Amino acid sequence: MPELPEVETIVRELDAALPGRRIRRVQVFRADALGGVPVARFRAALEGRTFRHVRRQGKFLLFELEPPGYLIGHLRMTGKFAVSPPLPKPLPYHRVWFELEDGALLVFQDMRCFGTLAVVERLRDYAPLAALGVDPFSRHFTAHWLAEALAASRTPLKHWLMDQSKVAGLGNIYVAEILYDARLSPLRTANTLIAAEVERLYRAVRRILRKAIHKSGTTIRDFRRVDQKTGQFQNFLRVYGKAGQPCPSCRTPIARVVQQQRSTFYCPTCQR
DNA sequence: AGCGGAACCTGTCGGC
DNA sequence: TGCCGACAGGTTCCGC
């Protein structure tokens, strides 16, 4: 489900709600997300600690704690965080409750149980973060860096952009929209782009992500903000999920192909 | 290096 | 109505 704009939306809303609030009690209703960490250890690591700040790296949510440490979350396909008033019992798909001192709940829910939660004392202790590439909103993401990185790979553009060890935060929806905006085929080999094409791609990454964040992300099925409202970027999609519909620019039907076992949508006329 | 396939788990939708 | 396959915003692992 969530890509960078959805995670950014959630993180901004959690950062407005959580700092200064203390975790009184943690309840785990289904432990899949803990990656084998015993429930007792997970609870002990969190209970009594206070949220200081919530931010994002790629698609990971980083909850900074006091005494110092981090709760790290990844929503994968159907994970969600919500802030809720006290509840008598967990709703369907509620996996973990972080009960705050006033009784309010930070709820982690996840229908498909792919999402992950971890507690670490230092961010560098967490290997999945160390494996991430450049975040599109970090100062390291430049057209120059992008040109050099693309030049080193013979993989198709779609696959390259989805690789979190290269650029961190893009997924199936936004890669499709970015490549449409940049007028580049998802099938192009990364190292065949000329300088002007790299520049178009660089600008498209920033433009599409900025606009999607401005629209609070994309709700196609079940993405919800912390307050359960939907995102709005689905109203601005040009190609994702639009197989057979006319390209907004040239009216050629949008094509759907499968790459890396994932659907790819693009305009065969506009994107070369 | 790069690719294809399977796996993790649960639900929805369309076709017959 | 019921069953079955395809598909879903993500990631990892394994073999060639």
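Keep in mind the model is a prediction, meaning the values are calculated, not measured. So you know, we letter chains A, B, ... as the sequences are listed, proteins then strands, and number each from 1.
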Are the ring centres of A/Tyr180 and A/Phe265 closer than 6.0 Å? no
Under 4.0 Å: is that the gap between some side-chain N or O of A/His74 and OP1 or OP2 of C/dT11? yes
Using the C1' atom as the point on both nucleotides, what is the distance between C/dG9 and B/dG4, in whole Å? 22 Å
Less than 4.0 angstrom between a side-chain N/O of A/Ser263 and OP1 or OP2 of C/dA8, yes or no? yes
C/dT11 OP1/OP2 closer than 4.0 Å to side-chain N/O of A/Lys59: yes
Comparing nearest nucleotides in DNA chain C, the 5'-proximal residue of the pair A/Val258, A/Arg262 is A/Val258
Can you tell me which nucleotide in C/dG10, C/dG9, B/dG2 comes closest to the side chain of A/Met162? C/dG10
Going 5' to 3' through nucleotides 7-14 of chain B and flagging B where a protein heavy-atom sits under 4.0 Å of the base, S where only the sugar-phosphate is that close, and - otherwise, we get -BBBS---
Pairwise P distance for C/dC3 and B/dC9, with rounding to whole Å: 24 Å
Is A/Thr155 close enough to B/dA1 that one of its side-chain N or O atoms is under 4.0 Å from OP1 or OP2 there? no
Rest of the hydrophobic cluster containing A/Phe60 (Ile/Leu/Val/Met/Phe/Trp/Tyr, side-chain heavy atoms under 4.5 Å)? A/Leu62, A/Tyr70, A/Ile72, A/Val120, A/Leu123, A/Tyr126, A/Leu129, A/Leu132
Given pairs defined as Watson-Crick or G-U wobble with both distances under 3.5 Å, what dot-bracket annotation applies to DNA chain C, with ( ) intrastrand, [ ] crossing, | other strand and . unpaired? .|||||||.|||||||
